[in-house]
Amino acid sequence: MVAEQSILLDPSSVRSAPDGLYARHGDGPSAVYSVVLGQRELVPTATVIVPLDADSPDRLAAAGRLWRVLNGIAAPDTRLTPQRRKRLSLMIRAADGVACHASHRQIAAVLFGRHRVAAELWHESSLRYTTIRLCRNGQAMIDGGYRDILRHRRRA
């Protein structure tokens, strides 16, 4: 016999839209966001429909995180390591610098500090090449690469 458990959504974290309800569960980096399509008001239970395709493992993991958060269980997100999270932050900041027409040297000074940039010859500096890659990869994220963050890395 399976006991049915009712999961209640917090009304303060739910926003109604024409296509359904949008909810945030939890706080900080472990927050999980969900959409309840076609619903106009809160109901005590929810259903997850997962298409069976190449992204199914990621969707199932997301459903598991949602269930854990709704039940008050810690739900760590393993898609991003702390190093990747830091690099993503640098990429977005570098892309913002490019959008503001800053030079690569100015962007590097903001990201890594003026003293580190001034300590090396700019045209031979590893910081220069790192900054160029951050700018290029940040723009790639803006152009749609951000979707890759939602997927776990898989071996080819």
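Numbers here are sequence positions counted from 1. Everything numeric here is computed off the predicted structure, so don't read it as measured data.
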(Q) Using every non-hydrogen atom in the two residues, find where A75 and V69 come nearest and quote the distance to one decimal. (A) CB-CG2, 3.5 Å
Q: Mind checking the CZ-CG spacing from R59 to D53? Nearest 0.5 Å is all I need.
A: 4.5 Å
**Q.** Euclidean distance, I142 CD1 relative to N137 CG, rounded to 0.5 Å
**A.** 11.5 Å
**Q.** Stepwise side-chain contact (heavy atoms from CB on, under 4.5 Å) check, R85 with L88
**A.** CA-CA 5 Å; R85 192 178 301 273; L88 287 169; 5.6 Å; no
Q.
For the CG atom of L60 and the CG atom of D55, what is their distance to the nearest 0.5 Å?
A. 11.0 Å
Q.
Are there over 12 heavy-atom neighbours, none belonging to I49, within less than 6.0 Å of that residue's CD1?
A. no
**Q.** Partners meeting side-chain contact (heavy atoms from CB on, under 4.5 Å) with S103 (sequence neighbours left out)
**A.** R105, Q106
Q.
With a 4.5 Å cut-off on side-chain heavy atoms, are L90 and R87 touching?
A. no
Q: Please tell me if the side chains of V48 and W67 come closer than 4.5 Å, counting only heavy atoms from C-beta onward.
A: no
**Q.** Rounded distance (nearest 0.5 Å) linking atom CG of L127 with atom CG of L134
**A.** 10.0 Å
In residues 109-123, what donor-acceptor pairs under 3.5 Å come from side-chain atoms, sequence neighbours left out?
{"residue": "E120", "atom": "OE1", "partner": "S125", "partner atom": "OG", "Å": "2.9"}

Q) By side-chain contact (heavy atoms from CB on, under 4.5 Å), which residues pair with L52, not counting sequence neighbours? A) S56
